[in-house]
Amino acid sequence: MNQITELVDNSFIFTVTISVILLVGITAAMIYFVFRYSEKNNPKPDQSITGSTTLEILWTVVPVLLVLAMFFYGYEGFREMRNIPPNAMLVKVTGKMWFWHFEYENKKTSDTVLVLPAGKDVRFELQSVDVIHSFYVPAFRVKEDCVPGRTNHLWFHTSTEGVYDIECAEYCGMNHSYMLGKVKILPEKEFLEWVNKVDTVKKSDSVSAPPTGNVKTDSTNNSQVKTDSSKTTQVKTDSTKSPVKKPDSLKVNRKDSIKKNK
Amino acid sequence: MANGSLAHEVSYLKYEGKHKGIAGWLLTLDHKRIGLMYLMAILLFFFVAMTLGILMRLEMLTPGETIMRPSTYNSVFTLHGVIMVFLFIIPAIPAVFGNFMLPIQIGAKDVAFPRLNLFSWYLYIAGAILAIVSLFTGGGAADTGWTFYVPYSIRSAQNVTMTTLAAFVLGFSSIVTGLNFVVTIHRLRAPGMTWFRMPLFPWALYATSWIQVLATPIIGITLALIILERLFGIGVFDASLGGDPILYQHLFWIYSHPAVYIMIIPAMGVVSEILPTFSRKDIFGYKQIAISSLGIALIGYLVWGHHMFVSGMSDASRVVFSLLTFLVAIPTGVKIFNWVATLYKASIKFSAPLYYVLAFIFIFSIGGLTGLVLGALSTDIHVTDTYFVVGHFHYVMFGGMGIMFFATMHYWFPKVFGKMYSEKIAIIACTVIIIGFNMLYFPFFILGYMGMPRRYYDYLPQFQGWHVLSTVGSWVLVSGIVFMFGNLLYALLKGPKAPMNPWGGTTLEWKVPSPPPLENFEEIPVVTGGPYVHDKPTYIMHPGKEGLNGNGVVKTANQENAI
């Protein structure tokens, strides 16, 4: 099992176990008191009870210790998440309204589908060309925002072959919920085949920069044309050759992915 | 004897001063009438936002389009958030019941600045009108989420400018109310009411008011910057103009995290009022509860970064913010333990307000404990921006503040309106609410851990089962809420007259008639002891009249000394 996944799940189970014990304790005590000390069962309240220093110290110190333990567990998983292996393979991830664009070290690019070799550490450089997106792979318990104007980092270990969901977790406009993708983890040999094959095709086309999806939206293209154009010039290289993504084409992608799931 | 010697004064509902009829309300300076005007407006917006919530749940019943288009859904969840947060949750308990009860509980005739109080109501209404106008002008209702994150909020062609302007104006209403309460609590406490003889609801309002005064200006500036950025492209937040989107998130949460304590601390204050009343004994750990409100307010300022664990903030700040976040759990825990301990060896009169409080303690504990999952770094990175977060804040905001707002309405209903409601129906409604609430929101935790992101119009098929359960839960919850309000409305029209002190409460509001007269007290009372002492009187209601206190009992030696 993936180290990060394990650390996150263990930390979660630890916190939830303590929480359930506390919740059951509090609720049981409350319900018991309501019946045991009802008007009927206890007509005369004990007016002398107004507090207890011992108890106050007890229920301050014990929770402090508990939350420090929870903090530490969470920190351990986090340290692993930020401890990027030096020899990890690099993939550049670019969030765009509303699809994912991936660029490999050999300049090979891919949209929506992130193909990775099994059993490897993969490091991601996250960027955005328009608004904030968040690259989220629930199966690997990792998430980090793609913020325009800066590069964020993320890594995970591709332990087992399979197909996993990628979702955009930071609200980014009309088709936010269609900004989905797939991580496809292949055996290393198949991956190398894939990554090199498509790359040569691209080279013969002499396209070296990432294509841009020329996404037009109902909601952003009216008053914001100025900003839009200033942004797209940063990446726009060959708009006639680049694939034009429209919301409906994304929907098709999504339906494909649903079929795969079934 | 029930209505005591104040019976000759006219209740604030019937009093006619310089202005009559509707003007008597719109131009009133009476804190109680202003509180009621807030109540009307706030309930209206609660129902609007609740309706939007039901529509969202209906849309989530099936994947793909159920009843609306994605752009409509995005506006609907934005409005649900903006209206609930700025027009309901933040003002509900302080502006309605704080206004109404604070002066009475500390033995004052009104707040320190009655005109400012009315002004803040008008600011609230102005903000609300701006919010409504924003729906129908410009590019249509804002679609940014209530957090207005840049750069999306700068690029969106919808009417974000006016919506942020509305939130800006509402912020001023909040600041002015906070300022008024701080001064009122400092200057207008009755003779003998030392800080540690003050009831816990005023304590909670005091902590809240400081947050309102100190934190709200930050959101004002931030929202103003968004407006400037949209209008003139000043480039503070827009990365393509040299700004920093992360800066916006810092500024937004520096206010909006303390703001969640603006929302919850007053609710906690009411819990501390209701428990001793129905327990027939003093509250457990009075000082600890009072101080923990201040503790929460103070630490609450220092934890805003936990909203940004995946934003790209530096690793060191993530670790520090995580640690501080765990510390804010401590004073909250102290409160919950003290509340439960109050029930020990009490003589509990089981009634509707108490039942709502017990529901609150259960639901709020779930909300608080799931907050620990979000405070821990590694688990937060997995579940942040998913339904887990949505579940968590609905448990603390709705389950905490919302349920306590219902409890507050039931607790002070007889005092505010002088009428009694059917307790049986109130208890049945509360049971339906508890069931519906958990059906609606508990699946969110499971969905979130499964990886269902928030603010999704559409979802992958593996999530559908839990969405269906949740939507059915929303129907149960809403029936409970409608049932509850129906009961109160019926009581308002046809309910029997409420006595001065139907619950056996010990604080000052139970020593004036229901509903209270214009200036609350014939004479400013003198305070001789703590607020929740059940076995001896701690207030002298008519210190001017020799020999007698408000209950018609001969003064004790202790009370003589106090005068």
Side-chain angles (χ1 to χ4, degrees), chain A residues 7-8 11-12 15 19 23 26-27 29-30 33-34 37-39 42-47 49-51 56 59-60 63-64 67 70-71 73-75 77-78 82 131-132 134 138 141 143-145 147-150 152 167 169-174 176-177 219-220 222-224 227 230-231 258, chain B residues 70-71 74 143 145 149 151-152 155-158 239-240 245-246 280-282 284-285 288 310-312 315 319 322-323 326 329-330 333-334 336-337 340 343-350 358 361-362 365-366 369 372-373 376-379 381-382 385 451 453 455-458 460-461 534-535:
Chain A
L7 282 166
V8 170
S11 166
F12 182 75
T15 309
S19 301
L23 178 69
I26 290 166
T27 312
M30 187 172 83
F33 289 162
V34 167
Y37 302 111
S38 67
E39 238 172 351
N42 195 36
K44 225 179 152 327
D46 188 344
Q47 298 292 1
I49 302 175
T50 55
E56 298 290 349
W59 62 46
T60 306
V64 166
V67 298
M70 290 174 191
F71 163 74
Y73 264 91
Y75 169 69
F78 177 67
R82 306 309 286 175
V131 299
I132 300 178
S134 192
R141 311 283 187 266
K143 181 189 294 134
E144 185 87 12
D145 288 358
V147 183
R150 63 190 292 152
N152 285 341
E167 297 169 312
E170 184 63 60
Y171 175 69
C172 59
M174 187 166 78
H176 169 54
S177 69
S219 51
T220 51
N222 303 333
S223 66
Q224 307 293 335
T227 354
S230 72
K231 286 216 158 145
I258 292 168
Chain B
S71 48
N74 294 340
D143 64 339
Y149 267 22
Y152 187 74
R155 295 163 58 100
S156 168
Q158 314 281 91
S240 64
I246 304 291
R280 304 248 176 284
K281 69 181 269 292
D282 205 340
F284 194 93
Q288 283 76 10
V310 298
S311 69
D315 290 0
V319 173
S322 170
L323 184 61
F326 276 111
I330 303 301
V334 165
I336 290 183
F337 294 131
V340 174
L343 299 171
Y344 177 67
K345 293 207 172 171
S347 177
I348 296 162
K349 181 184 160 67
F350 189 81
L358 301 180
I361 292 178
F362 173 70
S365 296
I366 297 178
L369 292 165
L372 299 172
V373 173
L377 280 166
S378 65
T379 40
I381 285 173
H382 175 44
D385 279 325
R455 295 173 172 172
Y456 259 34
Y457 163 75
D458 200 348
L460 296 169
H534 278 77
D535 48 359

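Everything numeric in this text was worked out from a predicted model, so none of it was measured. To find a chain, count down the sequence lines: A is the first, B the second, and so on, and within it residues start at 1.
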**OP:** Against chain B, work out which of A:Gly77, A:Pro43, A:Ser38 has the most heavy-atom pairs shorter than 4.5 Å and name it.
**Re:** A:Ser38
**OP:** Counting only heavy atoms closer than 4.5 Å, note whether B:Ile336 contacts chain A via side chain, backbone, both or neither.
**Re:** side chain
Original post:
chain B heavy atoms under 4.5 Å from A:Val64: which part of the residue, side chain, backbone, both or neither?
Top reply: both
**OP:** Give a yes or no answer on whether the side chain of A:Arg150 reaches the backbone of B:Gly312 with a donor-acceptor pair at less than 3.5 Å.
**Re:** yes
Original post:
Between B:His534, B:Lys281, B:His382, B:Gln288, which has the largest tally of heavy atom pairs under 4.5 Å with chain A?
Top reply: B:His382
Original post:
Does the side chain of A:Phe12 reach to within under 4.5 Å of the side chain of B:Val373, using non-hydrogen atoms?
Top reply: yes
**OP:** May I ask you to name which of B:Gly333, B:Ser322, B:Ala329 has the most heavy-atom pairs under 4.5 Å with chain A?
**Re:** B:Ser322
**OP:** Locate the shortest heavy-atom distance separating A:Glu167 from B:Leu460; write the atom from each residue and the value.
**Re:** OE2-CD1, 3.8 Å
**OP:** Output the distance between atom NZ (B:Lys345) and atom CG (A:Asn42), rounded to the nearest 0.5 Å.
**Re:** 8.5 Å
Original post:
For B:Ile330, is it the side chain, the backbone, both or neither that has a heavy atom under 4.5 Å from a heavy atom of chain A?
Top reply: side chain
**OP:** For the residue pair A:Pro63 and B:Phe337, establish whether any side-chain heavy-atom pair is separated by less than 4.5 Å.
**Re:** yes
Subject >> Structural part of A:Asn152 lying under 4.5 Å from a heavy atom of chain B >> reply: side chain
**OP:** Determine whether A:Thr15 and B:Thr379 make a side-chain contact, defined as any pair of heavy atoms from C-beta on separated by less than 4.5 Å.
**Re:** no
**OP:** Please look at B:Phe362 and chain A and tell me whether the side chain, the backbone, both or neither of the residue comes under 4.5 angstrom of a heavy atom of that chain.
**Re:** both
**OP:** Please check if atom OH in A:Tyr37 has more than 12 non-hydrogen atoms from other residues, nucleotides or ligands closer than 6.0 Å.
**Re:** yes
Original post:
With chain A, which of B:Asp535, B:Leu369, B:Ile366, B:Asp282 has the greatest number of heavy-atom pairs at distances under 4.5 Å?
Top reply: B:Leu369
Subject >> Contact check, side chains of B:Asn74 and A:His176, non-hydrogen atoms, under 4.5 Å >> reply: no
Original post:
Is the backbone of B:Tyr456 close enough, under 3.5 Å, to the side chain of A:Ser177 for a donor and an acceptor to pair up by distance?
Top reply: no
Original post:
If you round to the nearest 0.5 Å, how far is CG of B:Asp143 from OH of A:Tyr171?
Top reply: 4.0 Å
Original post:
With respect to chain B, which residue among A:Ile49, A:Thr60, A:Thr27 yields the maximal number of heavy-atom pairs within a distance under 4.5 Å?
Top reply: A:Ile49
**OP:** Report yes if some heavy atom in the side chain of B:Pro245 is under 4.5 Å from a heavy atom in the side chain of A:Pro148; otherwise report no.
**Re:** yes
**OP:** Flag yes if more than 12 heavy atoms outside B:Phe350 fall under 6.0 Å of its CZ atom; otherwise flag no.
**Re:** yes
Original post:
Considering all heavy atoms of both residues, which atom of A:Ala29 and which atom of B:Val340 are nearest to each other, and what is their separation?
Top reply: CB-CG1, 4.0 Å
Subject >> Sub-4.5 Å side-chain heavy-atom contact between A:Arg141 and B:Ile381 >> reply: no
